[in-house]
Amino acid sequence: QVQLVESGGGLVQAGGSLRLSCAASGRTLSTYTMGWFRQAPGKEREFVAAIRWSDDNTYYADSVKGRFTISRDNAKNTVYLRMNSLKPEDTAAYYCAAARIYLTGSHAYTERARYDYWGQGTQVTVSS
């Protein structure tokens, strides 16, 4: 069992930056793939970014490519999402997720069903 706790959300003006953190506990993550998803009111939860713990391979949604960066810290068992040049359309609840296996391919990274564990979410609000 893996527990995921997100933090770092808040209110920011358009063009600003935030860094989200996802602290994992319960197991070592050496074989896991970690992802960030987001859900705006009235919309489905959508993929944002993912990273494979074993080799740092990353994948991003087109809507955030070049603005967001996913990274990990082995010592802290934590995954980060650095968000720059934020836009009002980035407003959503952001969720951290963990897949027990080594995901590969864009389809696998983006599919919610591939992820086994989810955090409670942290709210990001971008004002115009």
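Numbering of residues begins at 1 and proceeds along the displayed sequence.
With a 4.5 Å cut-off on side-chain heavy atoms, L18 and V124 count as touching. Using a 4.5 Å cut-off on side-chain heavy atoms (C-beta onward), Y59 and V48 make no contact. Side-chain atoms of V2 and Y32, non-hydrogen and from C-beta on, do get closer than 4.5 Å to each other.
The hydrophobic clustering, which links ILVMFWY residues whose side-chain heavy atoms are closer than 4.5 Å, places L20 and F47 apart. Put simply, L86 and Y95 are part of two different groups of oily side chains (I, L, V, M, F, W, Y) that touch within less than 4.5 Å, one to the next.
Screening residues 117-128 for salt bridge (Lys or Arg N to Asp or Glu O under 4.0 Å) gives no qualifying pairs among residues at least two apart or on separate chains.
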Inset, instruction - Take Y109 and T58, measure what side-chain contact (heavy atoms from CB on, under 4.5 Å) needs, and give me the verdict at the end. - result: CA-CA 9 Å; Y109 280 133; T58 58; over 6 Å; no
Legend entry - Test side-chain contact (heavy atoms from CB on, under 4.5 Å) applied to Y60 and T69, step by step: CA-CA 8 Å; Y60 297 92; T69 303; 3.8 Å; yes
Inset, instruction - Could you give me the CA-CA distance, side-chain angles and deciding distance for R72 and D56, then say whether side-chain contact (heavy atoms from CB on, under 4.5 Å) is met? - result: CA-CA 8 Å; R72 61 170 179 82; D56 277 345; 2.6 Å; yes
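Shown here are the salt bridge (Lys or Arg N to Asp or Glu O under 4.0 Å) partners of E46, two or more places apart in sequence or in another chain: R38. For D55, the side-chain hydrogen bond (donor to acceptor under 3.5 Å, both in side chains) criterion is met by R52, Y102, not counting sequence neighbours. R67 is linked by a side-chain hydrogen bond (donor to acceptor under 3.5 Å, both in side chains) to D90, counting only residues two or more places apart in sequence or in another chain. With sequence neighbours excluded, the residues that form a side-chain hydrogen bond (donor to acceptor under 3.5 Å, both in side chains) with R45 are Q39. Not counting sequence neighbours, the partners of K65 by the side-chain hydrogen bond (donor to acceptor under 3.5 Å, both in side chains) test are D62. Scanning for ring pair (Phe, Tyr, Trp, His ring centres under 6.0 Å) contacts around Y94 gives an empty result, with sequence neighbours left out. Under the salt bridge (Lys or Arg N to Asp or Glu O under 4.0 Å) criterion, D116 pairs with R100, sequence neighbours left out. For W118, the ring pair (Phe, Tyr, Trp, His ring centres under 6.0 Å) test picks out F37, with sequence neighbours left out. Not a single ring pair (Phe, Tyr, Trp, His ring centres under 6.0 Å) links F68 to another residue, sequence neighbours left out.
Contact detail for S71 and I51: the closest heavy-atom pair is CA-CD1, 3.9 Å. Considering all non-hydrogen atoms of both residues, D73 and A75 come closest at OD1-N, 3.0 Å. Nearest heavy-atom pair across C22 and M34 is SG-CE, 4.4 Å. The nearest pair of heavy atoms linking V126 to T91 is N-OG1, 2.9 Å. For the residue pair T78 and A23, the shortest heavy atom distance occurs at OG1-CA, 3.9 Å.
Cluster partners of Y80, using a side-chain heavy-atom cutoff of under 4.5 Å among ILVMFWY residues and allowing indirect links: none.
Between the side chain of Y115 and the backbone N or O of T110, no donor-acceptor pair lies under 3.5 Å.
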Tell me which donor-acceptor pairs under 3.5 Å the side chains of residues 3-17 have, and how far apart each pair is, sequence neighbours excluded?
{"unit_1": "Q3", "atom_1": "OE1", "unit_2": "S25", "atom_2": "OG", "d": "3.4"}
{"unit_1": "E6", "atom_1": "OE1", "unit_2": "Q120", "atom_2": "N", "d": "3.0"}
{"unit_1": "E6", "atom_1": "OE1", "unit_2": "G121", "atom_2": "N", "d": "2.9"}
{"unit_1": "E6", "atom_1": "OE2", "unit_2": "C96", "atom_2": "N", "d": "2.8"}
{"unit_1": "E6", "atom_1": "OE2", "unit_2": "G121", "atom_2": "N", "d": "3.2"}
{"unit_1": "S17", "atom_1": "OG", "unit_2": "N84", "atom_2": "OD1", "d": "2.9"}

